[in-house]
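Quick notes on the structure that follows.
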Amino acid sequence: MFYIGCHLSCAKGFLAMGKDAERIGATTFQFFTRNPRGGSAKALSEEDIRAFLELKKELGLGPLVAHAPYTLNACAADEKIRIFAKNTMEDDLQRLEYVPGNYYNFHPGSHVKQGTETGIRLISEMLNEILRPGLHTTVLLETMAGKGSEVGSRFEELREIIDRTERSDDLGVCLDTCHVWDGGYDIVNDLDGVLTEFDRVIGLKRLKAIHLNDSLNPLGARKDRHAKIGEGHIGLEALARVVNHPALKNLPFCLETPNDLDGYQREIGLLKSQRTE
Ligand code: FE
Ligand code: FE
Ligand code: ZN
């Protein structure tokens with residue numbers, strides 16, 4: 001099964017996302033748990049969730065990726081901002097118990113002049129508070145582009161967060177192709193080498209999902225500007241190798257390219273045509 005999908009709007013609930021996925025030929029999807037800037041989450045409707053889970057089974061959708069608001073910062077210098085990140089993620093994980101067995105992806109954070117070491121310590125301290133026994137969601141650290149003081153653009157940094165987290169069985173990694181490229185990992189000329197490095201430092205068994213994006217910028221630019229598939233510096237050929245790589249091909253792939261639903265439908269079709277199996 002090729003689990004390919006895109007980021008969908010959660011504004012109309014789960015069933016609406018399932019129907020959008022069906023319409024555009026997606027076999028998985030990603031969604032924000034709430035307004036991407038933070039804010040309070042909509043009340044969940046058990047009816048909506050029941051209908052969605054039915055459709056999900058019918059369509060054979062792969063694991064879904066919930067994305068935390070990207071403004072959360074678990075390693076901010078200001079304690080109030082850190083507490084807000086912790087409370088929001090804790091609430092999101094509670095809500096995701098209604099759709100068990102999926103992923104919750106978050107940006108590790110920006111250390112804002114405190115240094116990477118302090119950032120890593122604060123992020124794992126938060127994870128140690130929110131990862132409680134009985135959760136049915138795997139939390140994913142996203143590989144970052146290294147913009148500003150972002151933590152997580154080096155595989156070693158993600159490894160250290162995992163090592164400092166007690167319930168690390170609940171932790172995995174989501175690899176964003178634009179971000180690793182911007183972070184200096186050459187997935188165009190040496191995908192095998194990058195994955196070998198990932199395996200050596202983190203372990204490929206931790207890799208649970210892929211954000212499939214092209215990049216507006218060259219290797220190592222640390223900019224984080226996504227491009228449409230085939231319209232950036234990574235290119236269609238390299239991204240086709242990503243979706244066909246034996247170590248990756250069974251993972252869920254989520255597009256986060258600048259597109260509306262029709263554009264996503266075209267890119268999903270394009271990538272399906274590139275699958276070799
Ligand atoms: Fe992200
Ligand atoms: Fe991403
Ligand atoms: Zn990005």
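Counting starts at 1 for both ligands and their atoms, in listed order.
Taking the charged nitrogens against the carboxylate oxygens, Asp20 and Lys12 have no contact shorter than 4.0 Å, which rules out a salt bridge. Look at Arg50 and Glu54 and you find no salt bridge, because none of the NZ, NE, NH1 or NH2 atoms lies under 4.0 Å from a carboxylate O.
Neither side chain, Thr116 nor Glu157, offers a donor N or O lying under 3.5 Å from an acceptor on the other. Asn217 and His233 are not linked by any side-chain donor-acceptor pair at a separation below 3.5 angstrom, with hydrogens and angles left out of the test.
Taking 2.8 Å as the threshold, His211 does not count as a candidate ligand of the Zn ion (ligand 3), since none of its N, O or S atoms lies below it. The nearest N, O or S atom of His179 is closer to the Zn ion (ligand 3) than 2.8 Å. Distance check for Asp224 against the Zn ion (ligand 3): an N/O/S atom falls below 2.8 Å.
Protein N/O/S atoms closer than 2.8 Å to the Fe ion (ligand 2), listed by chain and residue number, are Glu142 OE2, Asp176 OD2, His211 ND1, Glu256 OE1.
Shown are Thr138, Thr137, Asp92; of these, the side-chain hydrogen bond (donor to acceptor under 3.5 Å, both in side chains) with Tyr104 is made only by Asp92.
The closest side-chain heavy-atom distance from Leu207 to Ile202 is not below 4.5 Å.
Residues Glu166 and Asn128 share a closest heavy-atom pair of N-OD1, 2.8 Å.
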